[in-house]
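Note that this is a predicted model, so its numbers are computed, not measured. Residue indices begin at 1 and follow the sequence shown.
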Amino acid sequence: MASQTDKSLLSAELEEEDDEEFRQLLFQATQKIQSAMPSVPDSKPIQPQPGFCIKTHTGSQEKVFVNICRSPHIPPPPNLSRQELECLIESDSASSFRIPMSLGEPHAELDNSGNGCTTYDVVINAGFFSKLEADPFFKEFFITVALEGLADKYKMEINHPEWRILKNRKFMGSIPEQTIRTKSRPVIQEMDVSSPVVPKFTILAEPVKGPPEFLLAEIHLPKVGSAQDLSLDLGQDRILLQASSGLYLLDIYLPYDIHPERSHARFHRGTAVLSVTMPLQPHLGPP
């Protein structure tokens, strides 16, 4: 006999099944949209444009040059006024202000005296670079942040107070290409889950003696926290239970015909047991 399902169980808690179906449709539609879009590489090379050059020293007094470069491909930081930046620096939240920048690998160059030196390239947004050029306060703040970033990334000590901007040159040596990310992580990711587990369950017929009047199913779901995580369907001779997390799947046929519309279920959070009471159709027992 074909089963007819009744999805009105678990009172109002299981009405979230419609929301789950909507989310699945939304996920499928998003996948179709993303697959129809041209693929974008995760990264791309850029050629930074020169800006100004900083000279400083390491803790061991080795000369270090930092080329501050600009590119429209680097995103700008939040747009703060000078007053807002001053308030931020004086507060305890100065470290929360992030300036997007690309810190290049060190490369060996020759200084004006023909001596070897180490040069780093720091690339920032072209518009933000113009703001630095127009406001010395922003410029000094940025240089401090950039030198701290280089020191942290390359585990070196930099004498921050000793830096100075070279007047007659915009960069030291050469400015090689840099590779930046162009693709962020997808907003929707499909979860990597294992195959669902058949939960432990027992089904009792009541009363024990004489023709049974109803069935009582107890299904153990230790990894489920709420009835909202469950989808329960009952047919005339079938139980279909699924967990939205994909952890559990129970699909069994019964040796009796039940009344799906008169059945009810309850999830006990303390024991993580789903109890399903299913009245039987009185004249349709087993042969």
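Under the 3.5 Å distance criterion, the side-chain polar atoms of Gln281 are matched with a main-chain donor or acceptor of Ile258.
Side-chain heavy atoms closer than 4.5 Å link hydrophobic residues (I, L, V, M, F, W, Y) into clusters, and following such links, even through other members, never connects Leu216 to Leu241. Hydrophobic clustering, with ILVMFWY side chains joined whenever heavy atoms are under 4.5 angstrom apart, groups Phe141 together with Trp163. Both Ile99 and Phe52 belong to a single network of hydrophobic side chains, linked directly or stepwise wherever heavy atoms of I, L, V, M, F, W or Y lie under 4.5 Å apart. In terms of hydrophobic clustering, with Ile, Leu, Val, Met, Phe, Trp and Tyr side chains grouped at heavy-atom distances under 4.5 Å, Ile252 and Leu247 are assigned to a common cluster. Both Leu132 and Leu103 belong to a single network of hydrophobic side chains, linked directly or stepwise wherever heavy atoms of I, L, V, M, F, W or Y lie under 4.5 Å apart.
Between the NZ atom in Lys63 and the OG1 atom in Thr119 there is a gap of 10.0 Å [rounded to 0.5 Å]. The distance from the CG atom of Leu250 to the CG atom of Leu232 is 9.0 Å, given to the nearest 0.5 Å. Atom CG in Leu80 sits 6.0 Å away from atom CZ in Phe138 (nearest 0.5 Å). In this structure, the separation between CG on Asp257 and CD on Gln236 is 5.5 Å, given to the nearest 0.5 Å. If you take CG on Asn125 and OG on Ser130, they are separated by 8.5 Å, rounding to the nearest 0.5 Å.
Here the shortest heavy-atom pairing between Pro76 and Pro100 reads O-CG, 3.9 Å. Pairing each heavy atom of Met101 with each of Val145, the nearest pair is CE-CG1, 4.0 Å. The two residues Cys53 and Asn67 come nearest to each other via the heavy atoms SG-OD1, 3.5 Å. Shortest non-hydrogen contact noted between Val224 and Phe267 is O-CZ, 3.5 Å. Across Ile158 and Met156, no two heavy atoms sit closer than the pair CD1-CE, 3.5 Å. What you find for Ile219 and Pro199 is that their closest heavy atoms are CG2-CG, 3.7 Å.
Every side chain to side chain contact (heavy atoms under 4.5 Å, CB included) that Asn115 has, sequence neighbours left out, goes to Asp111, Ser113. The side chain to side chain contact (heavy atoms under 4.5 Å, CB included) check on Glu62 picks up Thr58, Ser60, with sequence neighbours excluded. Legend: residues meeting side chain to side chain donor-acceptor pair (under 3.5 Å) with Thr202, ordered by chain and number and at least two apart, are absent. By the ring pair (Phe, Tyr, Trp, His ring centres under 6.0 Å) test, Tyr154 is found to be paired with Tyr120, residues two or more places apart in sequence or in another chain being considered. In this view, Phe128 satisfies the ring pair (Phe, Tyr, Trp, His ring centres under 6.0 Å) rule with no residue, not counting sequence neighbours. Judged as a side chain to side chain contact (heavy atoms under 4.5 Å, CB included), and not counting sequence neighbours, the contacts of His268 are Arg266, Thr271, Ser275. Glu86 meets the side chain to side chain contact (heavy atoms under 4.5 Å, CB included) test with Arg82, Phe137; sequence neighbours excluded.
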Please table the atom pairs, donor to acceptor, closer than 3.5 Å between any side-chain atom in residues 68-75 and protein atoms at least two apart or in another chain.
unit_1 : atom_1 : unit_2 : atom_2 : d
Arg70  : NH1    : Pro50  : O      : 2.2
Ser71  : OG     : His73  : N      : 3.1
His73  : ND1    : Lys44  : NZ     : 3.2

Kindly list each side-chain donor-acceptor pair under 3.5 angstrom involving residues 170-180, sequence neighbours excluded, with atom names and distances?
unit_1 : atom_1 : unit_2 : atom_2 : d
Ser174 : OG     : Glu109 : OE2    : 3.1
Gln178 : OE1    : Ser102 : OG     : 2.3
Gln178 : NE2    : Asp121 : O      : 3.4

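The closest side-chain heavy-atom distance from Phe142 to Phe129 is not below 4.5 Å. Using a 4.5 Å heavy-atom cutoff, the side chains of Leu234 and Glu261 are not in contact. Put simply, the side chain of Val276 does not reach to within 4.5 Å of the side chain of Ile239, judged on heavy atoms. Contact check for Ile165 versus Ile143: side-chain heavy atoms found under the 4.5 Å cut-off. Proximity of Arg169 to Asn112: side-chain heavy atoms (C-beta onward) are separated by under 4.5 Å at one or more points.
With respect to Phe65, the side-chain contact (heavy atoms from CB on, under 4.5 Å) criterion is satisfied by exactly one of Thr56, Ile54, Thr118, Leu166: Leu166.
Within the structure, salt bridge (charged side-chain N to carboxylate O under 4.0 Å, His left out) pairs that include any residue of residues 123-133 comprise Glu133-Lys139 (at least two apart or interchain). For residues 196-227, no residue pair satisfies the ring-ring contact (aromatic ring centres under 6.0 Å, His included) rule, not counting sequence neighbours.
Grouping Ile, Leu, Val, Met, Phe, Trp and Tyr by side-chain contacts under 4.5 Å, direct or through others, leaves Leu110 on its own.
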